[in-house]
Amino acid sequence: MKKEQKKENIVKKLERHLKSTSRQLVQFDSEEETLQYISDSFREKLSADFVGIVVKSDGQLTVKSWSGAKRAFINAFPLNVDQCSPNLFLSSLTHEQLAREKNCAFTKLLQDEKIPTWFTFPLKNELNLFGFCIIGYFQKVMLFEEMESVFDEFGKDVAIAMLFQREKQHKHKLHQLLLYQQTLVKETIHGSSIDEITETLNQALNKSVILLDRFLRPISYKLSPEDEGLLDEYLELATNEIVQKRASKAWNPSALSGKTIAYWTIDVGGDFFGYLVLDVSNAKMDDYFRLTIDVARNIYSIQFMKQKIILDTKEQVRDSFINKILSNHLDEIENVYQYANLFRWDIERPHYVAILSLTILDEKLDILEQESCKSRILEKLKTNLSNYFPEVFIVNKEGDIVLIAPASSMNGQVKSYWSKMYENLKKWVKNECEKVLVLLAVGGKTNQIPDYSVSYLQAKKCLNVVKSRFNDAGFALFDELGAYALLHEIDGEIASIFIQDHIGPLLNSEGKNMDLLQTLQVYLSHNGNMKETANELFIHRSTLQYRLEKIEDLLQVDLNNAEHRFNLNMAIKLYDLFGNEIHVQSLKL
């Protein structure tokens, strides 16, 4: 009888302790503090050697809190839930009851450690199952069956407390997220620095943050204290992750061994701006983390759009101003100097004006696709030119790019300067698309403001010559065109009449006799040498003879007559110089 009374007193004492403990659970600031309090108080009140809280998450069991002696079996966690007995989550169980669970990985761990007495109780209520609590002794201890229902009820209280703490933590995170979003929006409205957004994101996640442009160059970054000095390693790792992801062999800088990075694109509508790169090592990729990233990406996008609008506006104003200078449509001279000063352009110093022209040769693309491809390549070229030739002004004009470069940057090596630029342009274009014809024509040097329109017109004429005569070279300076430089001064209407009078029949046949025009060009360039002409045209001598006779018949000339050959040469050079503009006028005559 006394034994039963003693057992009853022990159970009642335990029940009072558990109720007292239950009332304390909602007073803590976090779930971690709540669970640690349970572990510590149980170990003290029950004189246990250890007490642990094991939680269930994403199909695994992990130790959330622990009090008392630690055994090696803790290192075996996490365990797969499906490898453990489902009875652990149903009701209180003793080591004797669980001993019958032959395939339970959790039971096997305790048995291997030869722990003689232990019991568990689940942490659950009607709607939520969080895990279970284990209480163990390193010697044999008598356990009372009456304790099972008491611990089951306490497990429900713990589950409610955990739910309460998680809801509180969730609200706290949402509040922090709202404050974070408000801070970023404030930076977007009142600030103009992307660095401030990066620093805010770094503080919110306590992770290293790097923002790259679309060419994988760093725009902004904020590294965690332990990562200071590792920017280059992060950039290499990010480049590998983004560009070489499909490589068969993984790569990781030794300084970042064990680090995991993730990246997200920064874009809005059809505009792509770059990549957001984060060190996500040991990061909990929950909804809060993802929302934080999404908010940052949106704010970055807005900031980029703001900058793009400002830059586009400045570029439009600058393009309009420079186009007026190139067209010689100038307002008051004082306004010209004010605008030039605004764009930091020493307009009175000598410059050269050049035209960069692209032609898409891919016949598989329709007109719209070709224009889209051309626009994309031109934008990439403008970016590269700004980086490698920052002294050059870049202007959009009539579907091409006009380049205005100061003579002082050429150190007297004008041709070498433009030749180097042309080689770079071809390389950059080839990286984007193989089937593109790149042409560069350079006008003469300016000495005063009106000379810019003259240099631009010279570049246009030079481009016509490059297209018709120097297509393979793809590049020419107006000052090296020889006779073309003199012919440039001829009035366009007079040139049109002269061309029509001397080679008009070869132009007015809508393409049927253009091979005759080429034949005539090559024949005259070889000074009438039949063999050299036939070799260059890859035709038989008899075919050449037939073509020359047809040319003489159409033009009513004698190709052996020096005067006639001079006039034909002059007409062809004028046609090269004035290009399609003259051809259209000729057809209207």
Side-chain angles (χ1 to χ4, degrees), residues 215 322 325-326 345-347 349-361 373-374 376-447 451-488 521 525 536 573 576-579:
F215 306 117
I322 295 179
I325 290 180
L326 297 180
W345 178 14
D346 191 349
I347 196 169
R349 293 176 63 189
H351 287 74
Y352 285 86
V353 180
I355 299 175
L356 168 62
S357 177
L358 301 183
T359 303
I360 307 299
L361 303 177
C373 180
K374 180 179 176 181
R376 176 174 53 80
I377 295 174
L378 285 175
E379 286 302 312
K380 180 68 178 291
L381 292 182
K382 286 167 65 177
T383 301
N384 287 344
L385 284 167
S386 298
N387 291 329
Y388 290 92
F389 297 89
E391 73 279 5
V392 175
F393 278 90
I394 305 169
V395 185
N396 295 315
K397 189 169 178 62
E398 299 175 359
D400 295 324
I401 291 180
V402 175
L403 308 173
I404 303 176
S408 59
S409 63
M410 303 173 194
N411 298 319
Q413 305 295 319
V414 178
K415 187 170 184 178
S416 175
Y417 175 88
W418 291 106
S419 178
K420 177 183 176 183
M421 181 186 292
Y422 180 64
E423 292 304 317
N424 278 298
L425 289 167
K426 287 197 298 182
K427 179 179 68 176
W428 296 331
V429 169
K430 189 175 181 180
N431 290 336
E432 297 294 317
C433 182
E434 289 280 349
K435 298 182 178 180
V436 181
L437 176 64
V438 184
L439 302 178
L440 181 64
V442 185
K445 184 168 71 172
T446 69
N447 290 303
D451 291 345
Y452 285 95
S453 61
V454 175
S455 182
Y456 172 65
L457 186 58
Q458 290 172 341
K460 286 184 68 175
K461 302 302 183 185
C462 183
L463 182 62
N464 289 336
V465 176
V466 172
K467 286 180 178 178
S468 59
R469 299 300 296 272
F470 307 130
N471 203 290
D472 293 337
F475 157 68
L477 276 67
F478 179 81
D479 290 341
E480 295 187 351
L481 290 182
Y484 288 107
L486 292 174
L487 298 177
H488 157 71
Q521 288 175 323
S525 68
E536 182 171 335
K573 288 186 182 296
D576 289 342
L577 195 61
F578 288 89

For Gly399, does its backbone N or O pair with a side-chain atom of Lys374 as donor and acceptor, under 3.5 Å?
yes

Verify, without hydrogens or angle tests, whether Asp400 (side chain) and Asn396 (backbone) share a donor-acceptor contact under 3.5 angstrom.
no

In short, Asp479 meets Lys445 closest at the heavy-atom pair OD2-N, 4.5 Å

Mind checking whether Val402 and Ile322 have side chains closer than 4.5 Å, heavy atoms only?
no

Donor-acceptor pair, distance only, cut-off 3.5 Å: does the side chain of Ser455 make one with the backbone of Thr446?
no

Output the distance between atom NZ (Lys380) and atom CG (Leu385), rounded to the nearest 0.5 Å.
11.5 Å

Closest heavy-atom pair, Ala476 versus Cys462, reported as atoms and distance to 0.1 Å, is O-SG, 3.5 Å

Kindly compute the distance separating CD (Glu391) from NE2 (His351), expressed to the nearest 0.5 Å.
9.5 Å

Rounded to the nearest 0.5 angstrom, the CD-CG distance for Glu434 and Leu361 is 11.5 Å

How many angstroms lie between CG in Asn384 and CD1 in Ile394, if you round to the nearest 0.5 Å?
9.5 Å

Run the ring-centre check on Phe389 versus Trp418 and record whether the distance is less than 6.0 Å.
no

Any side-chain to backbone donor/acceptor pair from Ser409 onto Ala405? Under 3.5 Å, distance only.
no

After noting the C-alpha distance and the side-chain angles of Val395 and Ile401, does the key distance pass the side chain to side chain contact (heavy atoms under 4.5 Å, CB included) rule?
CA-CA 6 Å; Val395 185; Ile401 291 180; over 6 Å; no

Between CD1 of Ile325 and OG of Ser453, what distance do you get to the nearest 0.5 Å?
9.5 Å

When rounded to the nearest 0.5 Å, the distance separating CG of Leu403 from CG of Leu440 is 6.5 Å

Quick check: does any side chain N or O of Tyr452 sit under 3.5 Å from a backbone N or O of Ile347, one acting as donor and the other as acceptor?
yes

Which heavy-atom pair separates Val438 from Leu356 by the least distance, and what is that distance?
CG1-CD1, 3.8 Å

If you take all heavy atoms of Tyr352 and Gly443, which pair is closest and at what distance?
CD2-O, 3.4 Å

Whether the side chain of Glu432 engages the backbone of Ile377 through a donor-acceptor N/O pair (distance < 3.5 Å, no angle test) should be reported.
no

Minimum heavy-atom separation for Ala441 to Leu463, with atom names?
CB-N, 3.4 Å

So, for Lys397 and Tyr456, which heavy atoms are closest and what is the spacing to 0.1 Å?
CE-OH, 3.1 Å

Salt-bridge present (Glu423, Lys426; N to O < 4.0 Å)
yes

Is the shortest distance from a Lys or Arg side-chain nitrogen in Glu379 or Arg376 to a carboxylate oxygen in the other one below 4.0 Å?
no

Step by step, work out the side chain to side chain contact (heavy atoms under 4.5 Å, CB included) result for Val392 and Ile404.
CA-CA 6 Å; Val392 175; Ile404 303 176; 5.7 Å; no

Below 6.0 angstrom between ring centroids: does that apply to Trp345 and Phe393?
yes

Given side chain to side chain contact (heavy atoms under 4.5 Å, CB included), test Leu425 with Leu381 step by step and report yes or no.
CA-CA 7 Å; Leu425 289 167; Leu381 292 182; 4.1 Å; yes

Is there a side chain to side chain contact (heavy atoms under 4.5 Å, CB included) between Leu439 and Lys467 once you walk through the steps?
CA-CA 8 Å; Leu439 302 178; Lys467 286 180 178 178; 3.4 Å; yes

Residues in side chain to side chain contact (heavy atoms under 4.5 Å, CB included) with Glu536, at least two apart?
Val522, His526

